[in-house]
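Mind looking over this structure? Questions follow.
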Amino acid sequence: MSEAAAIHAHAPRPMEGIRVYNVKLGMWVFLLSEVMFFSGLIGAYIILRFANPEQWAAPGEVLNVPLTAFNTFMLICSSVTMVKAFAAIEHGDQAGLKKWLLATIVLGAAFVGIQIFEYIKLVEHGFVPVASQYAAGGGPLYGSTFYTMTGFHGAHVSIGVLCLVFTLVKAVRGHYTEEYFSGVEIMGLYWHFVDLVWIILFTIVYLI
Amino acid sequence: MSTTQLLAPNVTAQHWADPSHPDDRPFIRKYVFSTDHKTIGNQFMFMSLFFLLVGGALAMMIRWQLGWPGQPMPGGGVLPETMAPGGILLPEFYNSLVTMHGTFMIFFAIMPLLVGMFGNWLIPLHVGASDMAFPRLNMMSFWSAVPAGFIMLASFVVEGGAAGAGWTAYPPLSAVPEYSGVSTGQQLWCVSLIILGFSSLMGAVNYITTIVNMRAPGMTWLRMPLPIWSLFITAILILLAIPILAGAAIMLLFDQTIGTTFFLPEAGGQPLLWQHLFWYFGHPEVYILILPAMGIASEVIANGSRKPIFGYPAMVGAIVAIAFLGWIVWGHHMFQSGMNPLLGSSFMLSTMIIAVPSAIKVFNWLGTIWRGDIHFHTPMLNALAFVAMFVIGGLSGVFMASTPVDIYIHDTYFIVAHIHYVLFGGSLFAIFAGIYFWFPKFFGRMLSPTLGKIHFALTFVFYNLVFFPMHNLGLGGMMRRIYDPNQYGFLEPLQPMNTFVSVFALALGVSQLVFFFNILWSLWRGEKAPSNPWRSNSLEWGLASPPPHGNFEAMPAVYRGPYEYSYPGRGEDFWPQDEPPDGGAVHAPTGGVPIPEGVPQ
Amino acid sequence: MPEPASTFGAGIDSIYYIILWITGAIFVLVETALIVFIIRYRHREGRVAAYTHGSKKAEIVWTVIPFLLVLFIVYASNDIWLEVKRADQDGAAPADALPLRVVAKQFEWNVTYPGPDEQLDTSDDFVKRNQLHVPIGRAVRIDLESEDVIHSFFLPDFRVKQDAVPGMTIPVWFEATRTGEFPMACAELCGLGHYRMRASLTVHEPGDFDRWQAAEIAAGGPPTGDSETDAERAEESDVMSEGEESA
Amino acid sequence: MAHKKPNYYLVWLYLLVLTIAEVMVAFISGLPFEVLVFILLSLAIWKAALVAMYYMHLRFEPPRLVVLALAPLPLAVLITI
Ligand code: HEA
Ligand code: HEA
Ligand code: CUA
Ligand SMILES: [Cu+2]
């Protein structure tokens with residue numbers, strides 16, 4: 001950048017912001033608002049639950065905890081594969097990048113699949129968000145809050161999977177290099193965040 | 001991580017304006033789906049002014065009904081039977097009018113004007129960047145705001161009419177069609193606000209990243225113009241508050257559509273939960289609507305009185321303090337809601353404390369014009385009006401903040417008076433100031449000063465005649481959102497005052513046409529704008545009007561704060577931020593540490 | 001503001017006037033300063049603005065003073081607030097208070113009177129629509145409820161306002177200091193009839209109150225609204241009738 | 001990259017153990033509800049912190065970003081309680 005150089009000659013050095021490149025900073029900033037979004041939902045959940053403790057069945061009574069525990073396990077694994085993909089491209093290991101990205105996609109998709117399966121089973125047992133048709137243990141708010149929180153998380157995972165596919169396509173096209181991997185990094189940030197949210201939700205929604 | 005990614009993209013690798021070959025973007029990229037922050041700013045201006053007009057029109061109908069209850073409204077005949085048979089407004093339509101008036105004004109007029117328009121206009125230019133950090137995201141932000149607005153507008157024509165539960169949409173009224181008589185409209189209200197939320201988020205992410213990462217060399221934190229500081233803090237408020245509204249609106253939408261009961265008592269839901277969520281967003285929201293206005297006013301007042309802003313660091317501190325305190329006062333909207341009275345006491349305390357940073361700002365503005373050399377150009381007039389009016393609105397806020405007094409004035413016209421003193425007298429006057437100030441920079445033509453001064457005079461006078469009496473209406477006990485006060489014996493004596501208010505409200509509405517005309521006329525016929533019509537300091541004034549695509553030809557360097565007016569011993573009474581110091585003595589800024597403005601130490 | 005007719009009315013008004021004086025003074029101060037500066041320092045040939053970046057001392061002054069002022073306002077406000085809400089004894093009204101129940105619904109107020117035994121939910125209770133009758137000089141405790149949406153129980157002359165929230169029973173109390181008939185209004189948007197959801201509050205001499213109550217019980221029968229309001233309703237309902245169907 | 005890589009598998013094992021611990025605590029141990037909630041929440045937050053610090057590399061970012069990332073948490077807490 002010749003102008004830049006010219007500036008350097010007679011002027012102060014460039015501000016460096018906070019030494020984090022734009023896209024990454026942008027992703028972090030966006031994640032902060034996501035934090036607030038889920039906090040809002042969790043806050044509502046807590047207030048409603050405190051107001052009507054009787055509407056919540058004992059853990060495991062209605063919800064299938066073992067299944068979800070396994071699902072949680074898969075999501076945690078997907079975080080490892082994601083971070084491995086990132087580590088790979090950092091060293092320009094193209095093959096590794098594709099391999100790990102693919103693994104992450106599979107795990108993520110499986111998570112969504114199992115969640116849908118779980119929903120179907122639950123609905124069969126009359127565990128629905130709609131107050132008038134609620135027929136499972138506990139009360140309707142149990143269902144409403146459950147589907148809202150896990151549903152929005154599921155939506156985030158699904159979107160994540162789509163973005164991963166997109167990233168993989170770019171990776172296959174050899175779009176990322178040792179020098180340029182911001183796409184993979186912010187993808188990772190988002191993915192780990194979704195994992196992080198689930199860790200919290202799993203505890204609050206299923207175990208408590 | 002590679003250094004290119006660490007530093008370069010932020011500051012050096014920007015696409016600066018290149019005078020050698022002309023901007024050859026096709027029309028659609030240039031004016032419609034443009035990624036240029038200046039164009040997007042202009043687009044936001046036209047969209048929001050349109051909705052301001054809509055909101056104003058609705059207000060006119062409100063005032064007609066209150067001034068001459070039950071009288072057929074002139075031209076009201078054109079409205080369909082469901083709204084105003086024979087021109088006589090129906091009560092359910094009145095509720096929609098009030099709701100939509102508030103919604104349009106807050107979400108589709110003032111917010112996009114302050115954040116969308118000024119944010120886009122000013123941020124990249126003021127920090128010395130070629131554009132926003134994410135131009136495409138920026139474009140999406142605008143093009144998602146438009147459909148949101150039109151969905152809201154469309155709700156007028158759907159079955160059952162537009163949302164009618166107030167802009168605060170308290171359930172169960174807002175959640176159950178049987179109660180409000182409005183079904184689809186209320187749902188569209190939620191949908192529209194959720195979409196708008198996305199738009200605002202995209203904007204906020206962009207602003208924060210740009211301001212943090214793309215400041216030109218020497219543009220240290222404490223050399224940023226105050227509009228940028230206020231927009232930065234505002235962006236943070238948006239980033240953290242909007243998701244709460246989105247979440248609440250989604251739950252409300254579920255209650256309306258799929259039959260959940262988050263806010264409905266039948267199955268244990270909590271009507272107050274909505275109020276907590278809404279106001280947890282809502283109070284930060286009202287500061288979203290005032291902080292940028294304060295920044296603009298500061299910029300214009302310093303320029304108009306040719307004097308450095310009084311106590312710049314304190315001004316910054318006050319912005320931050322107001323924003324922070326804004327998060328812990330939401331309960332002051334719920335004093336009479338059935339919330340625990342002891343909470344009420346603590347919310348009263350936190351709310352009152354906000355008067356302190358506000359005081360700092362007000363008195364520092366006074367300090368700025370004190371011993372100044374005041375030029376009364378149109379922007380300055382509006383900025384001074386902003387200070388005068390904001391004080392009234394703020395002080396009336398103190399009455400409501402006092403829990404016992406609020407018992408009486410809650411949900412009366414005293415509140416309505418407060419709303420309009422802060423939002424019209426505050427935000428809108430600052431917006432007028434800002435538009436008169438920066439219009440030349442972005443459209444290359446001056447707004448007619450004569451029309452501008454006429455518009456200002458009329459608006460200022462009528463505005464006070466409309467809204468000041470509302471304090472008395474409120475103290476007379478007149479409730480908000482009532483279709484016909486004369487239903488109550490004790491309100492009948494107030495009717496003359498209501499008529500008085502309405503007369504001048506209509507006058508106020510009409511006088512806005514001067515502004516309308518001024519804008520449209522000046523766009524084509526206004527005199528050509530020089531590059532620095534107000535002899536101002538910040539970076540954009542060194543560029544052509546309008547600045548080329550890419551803004552600067554090379555990265556600018558910044559040597560001093562933005563308010564170096566009347567620096568002793570200089571011929572000029574202003575000193576551009578990017579003018580190298582005479583004698584070539586470079587005060588190289590180091591990191592984020594500020595240099596005492598311009599003063600060679 | 002109408003002349004207060006409840007025991008704490010005067011207290012609330014006194015806070016109002018305190019704030020009015022403080023803010024009034026500030027208002028005058030700020031606006032005169034503004035005008036004086038505007039005139040005094042307007043542009044004239046050869047005027048040069050003073051070059052200053054502010055004064056810490058001044059700023060500290062106008063930070064501390066407002067701070068003290070607002071602290072004073074909070075302090076002054078809080079006592080009366082707690083008295084009104086009786087937050088210290090979680091809303092419980094004075095012991096000898098007359099218990100009433102007010103149930104709001106679109107668009108009327110139904111008042112349940114305890115009858116001679118002064119116990120709610122007993123056989124001698126009776127209900128009146130849109131009429132609240134209380135004795136003077138005796139606290140009344142009202143259990144405020146709502147059947148449908150949020151309403152707000154507003155007695156302007158008594159400085160009483162409290163939202164009625166469905167699913168909650170919120171205690172309200174006051175003690176009348178003047179006899180007569182007073183307006184009672186709904187202050188929270190509650191639908192298309194919000195603007196006419198009005199009722200009347202009648203304050204009796206103690207003796208009159210018992211006589212009135214006796215008469216009501218004698219008249220007995222189903223909950224009645226007083227004919228006068230009904231008449232008005234009928235004759236005014238032309239405009240909103242079709243609206244009411246839709247609601 | 002400036003820092004040396006953390007052992008991602010180790011973190012993964014860590015998370016795994018904690019998750020199992022959670023499920024155990026929730027079902028086996030007959031602790032009183034309050035204690036249970038407290039333990040479970042601390043475990044969850046512990047796991048969340050691990051993810052943020054190692055997988056999201058917060059541990060290795062410039063402090064200013066860390067501050068930025070932690071900034072909204074008080075608000076989050078405020079809204080949730
Ligand atoms: C731009 C928007 C804006 C702004 C800036 C404010 C600012 C303030 N508002 Fe306002 N408010 C609204 C918009 C705004 N408000 C809206 C839209 C509503 C209605 C919502 C609805 O529809 O229900 C509302 C409602 C509202 C209520 C609820 C009333 C009710 O419903 O019963 C309260 C109660 O406390 C309140 C208080 C305040 C206070 C204390 C401030 C403070 O920030 C003001 C601080 C400023 C000053 C105090 C003046 C300057 C200071 C000095 C000159 C120093 C000396 C002063 C003293 C020592 C006192 N506001
Ligand atoms: C920024 C916000 C804003 C603004 C500017 C206004 C402007 C006006 N409002 Fe306001 N109002 C609110 C925000 C605002 N309002 C809110 C939030 C509420 C509460 C809603 C609720 O209770 O739910 C409310 C409620 C409200 C009520 C109470 C209704 C009720 O409770 O029953 C009334 C009644 O008089 C009223 C009247 C007016 C009037 C006469 C104006 C006049 O100032 C209008 C004058 C006309 C204009 C300002 C338009 C001019 C147009 C331009 C300048 C653009 C030019 C166009 C181009 C160049 C393209 N408003
Ligand atoms: Cu009931 Cu308004
Ligand atoms: Cu507020």
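Chain A is the first sequence line, chain B the second, and so forth, proteins listed ahead of strands; every chain is numbered from 1.
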Specify which of B/T351, B/N364, B/I309 makes the most heavy-atom pairs with chain C at under 4.5 Å.
B/N364

Tell me whether C/F67 at atom CZ has more than 12 heavy atoms from other residues, nucleotides or ligands lying less than 6.0 Å away.
no

Test your reading of the model: is there a side-chain donor-acceptor pair from B/D573 to the backbone of C/V48, 3.5 Å cut-off?
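Between the backbone of C/V48 and the side chain of B/D573 there is no qualifying donor-acceptor contact (under 3.5 Å).
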
Among B/I482, B/L384, B/T403, B/V405, which has the most heavy-atom pairs under 4.5 Å with chain C?
B/T403

Sort B/M479 into side chain, backbone, both or neither according to what part of it lies under 4.5 angstrom from a heavy atom of chain C.
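The answer is the side chain of B/M479.
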
Whatever's closer than 4.5 Å to a heavy atom in chain C on B/F376 counts as side chain

With a 4.5 angstrom heavy-atom cut-off, which part of C/I170 approaches chain B: side chain, backbone, both or neither?
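C/I170 touches chain B through side-chain heavy atoms alone.
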
If we define contacts as heavy-atom pairs under 4.5 Å, which of B/W365, B/Y170, B/F399 has the most with chain C?
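Option with the top pair count is B/F399.
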
Give me the ring orientation class for C/W62 and B/F310: parallel if the planes are under 30° apart, tilted from 30 to 60°, perpendicular past 60°.
tilted

When you check the side-chain N and O atoms of C/Q162 and B/H410, is any donor under 3.5 Å from an acceptor?
no

Please state whether the rings of B/Y567 and C/Y51 are parallel, tilted or perpendicular, taking 30° and 60° as the class boundaries.
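Perpendicular: the ring planes of B/Y567 and C/Y51 meet at over 60°.
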
Leading residue by heavy atom contact count with chain B [cutoff under 4.5 Å; candidates C/A33, C/G9, C/A50, C/A185]:
C/A50

I need the residue from B/H375, B/E266, B/M334, B/Q270 with the largest number of non-hydrogen atom pairs under 4.5 Å to chain C.
B/H375

